[in-house]
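Remarks on the structure that follows.
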Amino acid sequence: MKRLSSVWTAAFVLCAASISADAEEVDMAAIDCQGLLSMSAEEVVVTGAWMSGYFNGRADNTVLDTEMMPAYGAALGEYCENNPEALVMQAVKTLFDEAE
């Protein structure tokens, strides 16, 4: 889990300057894979940063594994392409469970 969520953290760091200042409330638990795949790059970055913080906070993890970021980002993208109706938070949990 910490490896997967670190993908989102790095994306946030790399793209933070381009994020729109438009404020909007979003129920993160309701985002599905189809929605994630249709987001703009900026929206994916914000979503990923939130997911990373959420899952790393729950795991009491403070380590960012930058070597695994591309592989886990690709795994989430592939999972979402194959399961467009899956909720993103469940997809992250599923991928983490498979990685252990």
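Throughout, residue positions are numbered sequentially from 1 according to the sequence presented. Note: hydrogens, waters and symmetry copies are ignored here, and every other heavy atom, side chains too, is used.
Neither L87 nor M51 shares a network with the other; the hydrophobic side chains, linked directly or stepwise wherever heavy atoms of I, L, V, M, F, W or Y lie under 4.5 Å apart, form separate groups for each. Both V88 and W50 are part of a single hydrophobic cluster, where members link through side-chain heavy atoms under 4.5 Å apart. Hydrophobic clustering of Ile, Leu, Val, Met, Phe, Trp and Tyr side chains at less than 4.5 Å, counting indirect connections, unites M28 with Y54. The hydrophobic clustering, which links ILVMFWY residues whose side-chain heavy atoms are closer than 4.5 Å, places V26 and L36 together.
Judged by distance alone, the side chain of T94 and the main-chain N or O of Q90 form a donor-acceptor pair under 3.5 Å. Between the side chain of D32 and the main chain of G35, a donor-acceptor pair closer than 3.5 Å is present.
The CZ atom of R58 sits 6.0 Å away from the NZ atom of K93 when rounded to the nearest 0.5 Å. To the nearest 0.5 Å, atom CG of residue L95 and atom CD of residue E78 are 9.5 Å apart. Here L76 contributes atom CG and C33 contributes atom SG; the two are 6.0 Å apart, rounded to the nearest 0.5 Å.
Side-chain contact check for I31 versus M39: some heavy-atom pair is nearer than 4.5 Å. In this structure, the side chains of N56 and T62 stay at 4.5 Å or more apart for every pair of heavy atoms.
Within 6.0 Å of atom CG in D60, 12 or fewer heavy atoms from other residues, nucleotides or ligands are found, so the atom counts as exposed in its surroundings.
Nearest heavy-atom pair across F55 and M89 is CZ-O, 3.7 Å.
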